[in-house]
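Quantities reported herein were computed from a predicted structural model and do not represent experimental measurements. Here is how names work: the chains are called A, B, and so on, in the same order as the sequence lines, proteins then strands, and each is numbered from 1.
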Number of protein chains: 2
Amino acid sequence: MSDKDNNNKKVTSVEVARLAGVSRSAVSRSFTPNASVSQETREKVMQAAQALGYRVNKLASSLINNRSDLVGIIASNMDNPFRSRQVEYLAKTLLANNLRPILLLVEGEEDPSRIIGMLLEYNVSGVIVTSDTPPQSICEECVTLGVPMVLVNKDQTDARVDRVLLDNPRSGRIAAETLFASGCRRLAVVTTLKPSYSLHVRVGAFTERCRSLGIETVARFSASEQSYDGGRYAADCLMAAPEQTDGVFCVSDYMAMGFLDQLRLKQQIAVPQRLKVISCDDIPQAGWPVYDLSSIRQDPEQLAEMVVKVLLERIHNPEIPAAVKVLDVSLTERNSTAN
Amino acid sequence: MSDKDNNNKKVTSVEVARLAGVSRSAVSRSFTPNASVSQETREKVMQAAQALGYRVNKLASSLINNRSDLVGIIASNMDNPFRSRQVEYLAKTLLANNLRPILLLVEGEEDPSRIIGMLLEYNVSGVIVTSDTPPQSICEECVTLGVPMVLVNKDQTDARVDRVLLDNPRSGRIAAETLFASGCRRLAVVTTLKPSYSLHVRVGAFTERCRSLGIETVARFSASEQSYDGGRYAADCLMAAPEQTDGVFCVSDYMAMGFLDQLRLKQQIAVPQRLKVISCDDIPQAGWPVYDLSSIRQDPEQLAEMVVKVLLERIHNPEIPAAVKVLDVSLTERNSTAN
DNA sequence: CTGTTAGCGCTTTCAC
DNA sequence: GTGAAAGCGCTAACAG
């Protein structure tokens with residue numbers, strides 16, 4: 001007969017109360033931090049709970065205190081390592097803060113009302129959006145319903161929702177300056193046809209900084225999607241292009257990987273001898289010797305910490321004005337921009 | 001004044017009932033499939049619900065019918081694309097089946113009781129384990145508590161839990177046969193020091209099939225972990241090894257990527273001219289031209305479908321004996337084993 | 001500090 | 001087909 005030998009079904013607080021010889025309230029209080037219980041009672045309760053294998057039913061308690069501690073993560077494009085790492089660290093950080101991530105993976109043109117429905121049905125304590133397409137309608141509904149919401153690296157006109165941004169303008173500027181410092185004078189940008197907010201800002205800041213440095217971006221190669229294959233496509237464009245370029249800014253490491261691989265495969269243009277390349281994210285792959293890619297680091301761990309911090313603040317204080325946190329970025333210089 | 005202009009807090013069924021001029025029971029029944037309601041009533045209710053922006057509170061209803069529709073996914077090693085894709089498809093498939101994935105990412109030696117606690121607190125409808133280390137204690141507790149559980153590609157002595165396996169023995173055999181057919185006679189295995197169940201089985205079947213083909217596996221290179229860097233390490237070992245080998249079986253594409261990259265970087269051994277390479281998973285990266293890696297496909301989408309199917313069956317019929325489903329694998333032959 | 005009471009939002013008998 | 005009433009497991013007031 002082991003301790004947890006209640007071989008059958010759910011144990012409720014009344015059974016714990018009975019075994020401990022106290023009331024159900026005492027049990028509840030014992031599991032509530034800073035509640036008004038004597039040490040003695042709490043110990044009795046905990047002991048009984050242990051023996052019975054009791055666990056508080058958060059679904060029931062959320063009914064009372066309206067805190068489910070469930071947090072929706074809306075994400076997409078998990079094939080991009082940067083995105084999947086982002087989700088990974090978000091999930092881990094939420095867990096570490098006693099919140100439970102519900103992972104909602106969306107794809108292209110998803111029905112937003114379905115997503116909203118899920119969130120609302122489960123009375124989530126908050127929502128984190130990292131997907132490229134956070135339908136405006138979701139934001140609005142969450143705001144009016146008082147569901148805390150944090151947007152990651154998103155533009156947002158609605159001033160009532162919290163946002164955590166990477167310093168995209170700075171990323172663009174660093175890219176320009178680094179290529180310039182490496183001696184590049186005829187630059188190209190590799191991006192997508194319909195860039196997301198952050199990509200758009202990066203490119204804008206890049207071209208602007210180039211201009212102020214007195215150099216021109218002579219070409220732009222836009223793939224239909226932000227992916228490895230998109231990067232390869234851009235490389236093909238570059239090799240076929242009439243303009244001679246000596247430096248390239250890729251909007252993401254993921255694209256840069258495809259870009260570099262395609263260059264290497266065709267062996268027409270050596271990196272970094274004839275062409276320098278820099279990109280954004282600094283995912284682990286950028287550090288792989290085969291790429292050895294200079295990249296502007298966006299630390300997903302730090303990002304996750306900040307997102308959860310902002311979320312928790314809003315949960316505890318729903319009335320404070322929306323925060324916009326901008327996280328610093330930093331250059332990791334590697335061989336792809338070496339002289 | 002828009003439809004959903006209840007600019008404030010939660011709408012409950014009583015408000016819908018009032019607006020529709022019916023009882024709360026009628027509202028409940030209207031949202032329950034195959035419930036006994038007149039079409040007329042249901043329409044009235046739905047209309048009122050729409051106007052008020054009402055949504056059923058699953059947390060409350062789960063209290064009654066014990067079906068939270070929450071499903072825990074326990075996963076790890078998200079840096080391996082195969083693992084992150086697995087999680088991706090599982091999450092999507094659950095969603096498509098009206099289940100909500102709670103993502104629990106574990107790391108090395110995590111405290112299992114913490115995980116169990118989370119699952120039980122939320123009264124999950126099921127648990128899916130894909131992590132390499134599914135602590136036995138979690139399984140046991142779930143079984144005794146009647147929480148449906150599906151293990152993905154795991155060994156398991158406890159005959160009471162469902163499992164979905166890839167045909168690992170067949171993977172090993174195909175690898176051996178493919179290398180043999182490509183003319184290899186002196187084979188090596190690239191694996192890890194502490195291989196997971198599936199890796200172990202693959203290697204076992206591989207060496208056995210080699211023997212039956214009349215060739216020997218002359219070397220085994222084991223990295224400390226199953227990762228890109230592990231693959232690189234194995235490549236270094238191979239290049240330093242006294243034995244001449246002409247064919248390599250990597251236990252996963254992820255390792256093979258590091259392995260191939262390292263070979264290419266050192267340029268000592270050309271693939272496939274001097275060395276043929278084959279591995280398992282057939283992640284998209286294997287098809288990238290830079291790798292062009294023959295690989296034994298384990299379709300994560302099909303896997304996810306099967307896992308969810310098994311889970312749903314158990315949820316609906318808790319008493320059926322544990323199922324063990326084995327999914328077929330198939331060879332995708334590419335340049336790395338070409339003659 | 002403790003037990004009693006009420007009720008969170010929902011579903012489900014059970015009569016009608 | 002419908003409403004009244006009971007109760008899922010829990011916590012928050014309120015007395016004591």
Spacing between [X] atom [atom1] and [N] atom [atom2], to the nearest angstrom:
X: A/R55; N: D/dT11; atom1: CZ; atom2: C1'; result: 20 Å
X: B/N57; N: D/dC8; atom1: CG; atom2: C1'; result: 13 Å
X: B/E43; N: D/dG1; atom1: CD; atom2: P; result: 15 Å
X: B/L63; N: D/dC8; atom1: CG; atom2: C1'; result: 4 Å
X: A/D69; N: D/dT11; atom1: CG; atom2: P; result: 12 Å
X: B/L59; N: D/dT11; atom1: CG; atom2: P; result: 14 Å
X: B/I64; N: C/dT13; atom1: CD1; atom2: P; result: 10 Å
X: A/Y122; N: C/dC8; atom1: OH; atom2: C1'; result: 18 Å

Heavy-atom pair with the smallest gap, counting every atom of B/Y197 and B/K154: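 The pair with the smallest heavy-atom distance is CD2-C, 3.5 Å.
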
Measure across A/A20 and A/V45 and return the closest heavy-atom pair with its distance rounded to 0.1 Å.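 Scanning both residues, the minimum pair turns out to be CB-CA, 4.1 Å.
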
Under 3.5 Å, is there an N or O donor on one side and an acceptor on the other linking the side chain of A/S28 and the base of D/dA12?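 Flag unset: no donor-acceptor pair detected.
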
Check every strand shown and say whether [X] touches a base, only sugar-phosphate, or nothing at a heavy-atom separation below 4.0 Å.
X: B/V14; result: nothing
X: B/T12; result: sugar-phosphate
X: B/Y54; result: sugar-phosphate
X: B/V27; result: nothing

The side chain of [X] lies closest to which of these nucleotides: [options]?
X: B/V56; options: C/dG3, D/dT11, C/dT11; answer: C/dT11
X: B/A26; options: C/dG7, D/dG3, C/dG3; answer: D/dG3
X: A/S23; options: C/dG3, D/dT11, C/dT12; answer: C/dG3

Between B/V127 and B/P148, is there a side-chain heavy-atom distance shorter than 4.5 Å?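 In short, these two side chains do not touch, never coming nearer than 4.5 Å.
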
Positions of residues 32-42 of chain B (non-hydrogen atom under 4.0 Å from DNA chain D), listed by number: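 Here the set is B/S36, B/V37, B/S38, B/T41.
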
Any salt bridge between B/E301 and B/R85, counting N to O under 4.0 Å?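 No, B/E301 and B/R85 are not salt-bridged.
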
N-O pairing of B/E141 and A/R55 below 4.0 Å: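 Here B/E141 pairs with A/R55 in a salt bridge, since their nearest N and O are under 4.0 Å apart.
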
Apply the test side-chain contact (heavy atoms from CB on, under 4.5 Å) to residues B/L70 and A/Y122: give CA-CA distance (whole Å), side-chain angles for both, the deciding distance (0.1 Å), then the verdict. CA-CA 10 Å; B/L70 257 18; A/Y122 285 89; 3.4 Å; yes

Closest-nucleotide mapping onto DNA chain C: is B/R29 or B/S61 further toward the 5' terminus? I mean the 5' end.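 Comparing both residues, the 5'-ward one is B/S61.
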
By the definition side-chain contact (heavy atoms from CB on, under 4.5 Å), identify the one residue from B/V164, B/V307, B/D299 that meets it with B/L327.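 Result for side-chain contact (heavy atoms from CB on, under 4.5 Å) with B/L327: B/V164.
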
